[in-house]
Protein chains: 2
Amino acid sequence: MPPYDPSAFPPFAVTVDLVVLTVRKHALCALVVRRGEAPFQGKWALPGGFVRPDEDLSTAAARELTEETGLCAHTPEAPATANGAHLEQLATYGDPDRDPRMRVVSVAHLALAPDLPAPRAGGDARHARWSPVEELLGTTAGGRRTELPAEPLAFDHGTILGDGVERARSKIEYSSLATAFCPPEFTVGELRRVYEAVWGVVLDPRNFHRKVTGTPGFLVPTGGTTTRQGGRPAQLFRAGGATLLNPPMLRPEV
Amino acid sequence: MPPYDPSAFPPFAVTVDLVVLTVRKHALCALVVRRGEAPFQGKWALPGGFVRPDEDLSTAAARELTEETGLCAHTPEAPATANGAHLEQLATYGDPDRDPRMRVVSVAHLALAPDLPAPRAGGDARHARWSPVEELLGTTAGGRRTELPAEPLAFDHGTILGDGVERARSKIEYSSLATAFCPPEFTVGELRRVYEAVWGVVLDPRNFHRKVTGTPGFLVPTGGTTTRQGGRPAQLFRAGGATLLNPPMLRPEV
DNA sequence: GCAAAAGTGTTTACGATACACCCATGT
DNA sequence: ACATGGGTGTATCGTAAACACTTTTGC
């Protein structure tokens, strides 16, 4: 590649920002990190960083995800990593004023992860933590705005987080993506609680069970059972090969 | 904004590329332009160009669209322009090798336009034209690959076009976007032919009619009628306020 | 009259909902 | 025994698919 010629085109900084979502304690949570420097010093922000000169966008996103969480990414190219998370491109944000220092175009990515012990970053909860998206956005799970968030995110990261949450909420309707929030083996009830947390609704356990077990390729039984939720032992499943759900899961009216 | 400091971050060129789709003669077509310079000189490519230093990404896309077609964009911010087209961000492509000259990140946008007289660019069909997406991609409307395209698009524009077509095909299922392919006033039959062209299927005219006229807010009758399709005069409609279709239009199995 | 497209009515099938009910474990 | 969550059966309702049929124009 020829050397950079500043007269040929306007130079931009390109970053990747990550919306990393998980379900903890029946609430949809996002990973946020504390900013150590200006601007927005001390504010919470989405994890992210510069794209390197010879790195693809998805590679940069996977690298940032691993650096922040230790997770490996399930991309279409490498679908079956251990301890993996779903990772997909979300949207790109390039308002000229979104960063006061310089012109930055951020390619946001969406990652879905199972419940993890605790964020890395030295294990210091002051530098990285999972926060309920309700608190970060000031909305209910149904999408209604309640009040302004107590601690707004830095830059336009509130907008990015909102778009990522909206993507996740709509995509679990017609794809098997909800299983990305679950550990490798999970019960139907655990999967149902994922839907309930992400959508902020209560689903009928009986109809949900029939629906997901009746969709070919969605769930495959592993043979094992568990009583970790109490009550009668539940069958364990893992995600099947199907990625598209037809007919889709129906999200109740809000 | 401080001046550019090359030591602070790797510099990228940022462009917008446009997937402009329309329905002509019962076929889904895309706008392509002939490249006048290397690389890929003489090949067909998607229209696009550099983002200017103080321009938002959506502004740059709308500017390129107007330059190439004379269309104004219907964005969420300015929804009601005359002779307008739907415009939305599609995805961002940043493979380090996608442009042999330098590191270029392209923010692709998707535009849907009604059937237009002929492309601009001086009215010269050798420099810009509408081509059926089947020919450009080498696939059938159902999505099956038939053969390699006779004239592959420059750069990774074949991939971008494929993603844009896929977005359009899925989005008309659950939104009123198909009306963006129609003139301001249209008949139910014309709208049905849009769905048939985009999906490459044949739909039952009777069930289609009941479905679209029965969805509140989708279509509003203007009172006029037309016989431009032959047969019994058909009512004219314009797009209603509803943007989301619930329940969605069901795409037949392919 | 005939062709062509618009529009209505009717039958059938399938999936979603609601909910009664039984099952298998922990305490 | 009883609470808890897992899982099955069944009636009802709404929407989609299939298709017979009528309406209104042009030729």
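Residue numbers begin at 1 in each chain, while the letters A, B, ... track the order of the sequences. Basis for what follows: all heavy atoms, side chains included, without hydrogens, waters or symmetry-related copies.
- Close to D:dG6, at under 4.0 Å from its OP1 or OP2, lies no side-chain N or O of A:His209.
- Here B:Arg192 reaches the OP1 or OP2 of C:dA6: one of its side-chain N or O atoms lies under 4.0 Å away.
- Listed in residue order, the members of residues 225-245 of chain B having a heavy atom less than 4.0 Å from DNA chain D are B:Gly231, B:Arg232, B:Pro233.
- The aromatic ring centres of B:Tyr195 and B:Phe208 sit less than 6.0 Å apart.
- By the 4.5 Å heavy-atom criterion applied to side chains, A:Val107 and A:Gln89 are counted as neighbours.
- Here B:Pro247 lies in heavy-atom contact (under 4.0 Å) with sugar-phosphate atoms only.
- Separating the CD atom of B:Glu173 from the C1' atom of D:dA16 is a distance of 15 Å, rounded to the nearest angstrom.
- Listed nucleotides C:dC21, D:dA20, C:dG15 differ in distance to A:Arg206; the shortest reach to its side chain belongs to C:dC21.
- In terms of phosphate contacts, B:Lys211 brings no side-chain nitrogen or oxygen within less than 4.0 Å of OP1 or OP2 of D:dT15.
- Between the side chain of B:Arg169 and the backbone N or O of B:Val198, at least one donor-acceptor pair lies under 3.5 Å.
- Taking the side chain of B:Leu250 as heavy atoms from C-beta on, and the options D:dG6, C:dC19, D:dA16, the nearest nucleotide is D:dA16.
- One interatomic measurement links the two molecules: CG of B:Asp204 to P of C:dT8, which rounds to 14 Å at whole-angstrom precision.
- Spacing between atom CG of B:Leu191 and atom P of C:dA5 amounts to 17 Å, rounded to whole angstrom units.
- Residue A:Arg210 places no side-chain N or O under 4.0 Å from the OP1 or OP2 atom of C:dC19.
- Tested against B:Glu196, the residues B:Leu191, B:Val23, B:Val202 include a single side chain to side chain contact (heavy atoms under 4.5 Å, CB included) partner, B:Val202.
- The nearest whole Å value for the distance from the CZ atom in A:Arg251 to the P atom in C:dT17 is 14 Å.
- Checking side-chain atoms of A:Arg238 against main-chain N and O of A:Val220 turns up no donor-acceptor pair under 3.5 Å.
- Under the 3.5 Å distance criterion, the side-chain polar atoms of A:Thr215 are left unmatched by any main-chain donor or acceptor of A:Phe218.
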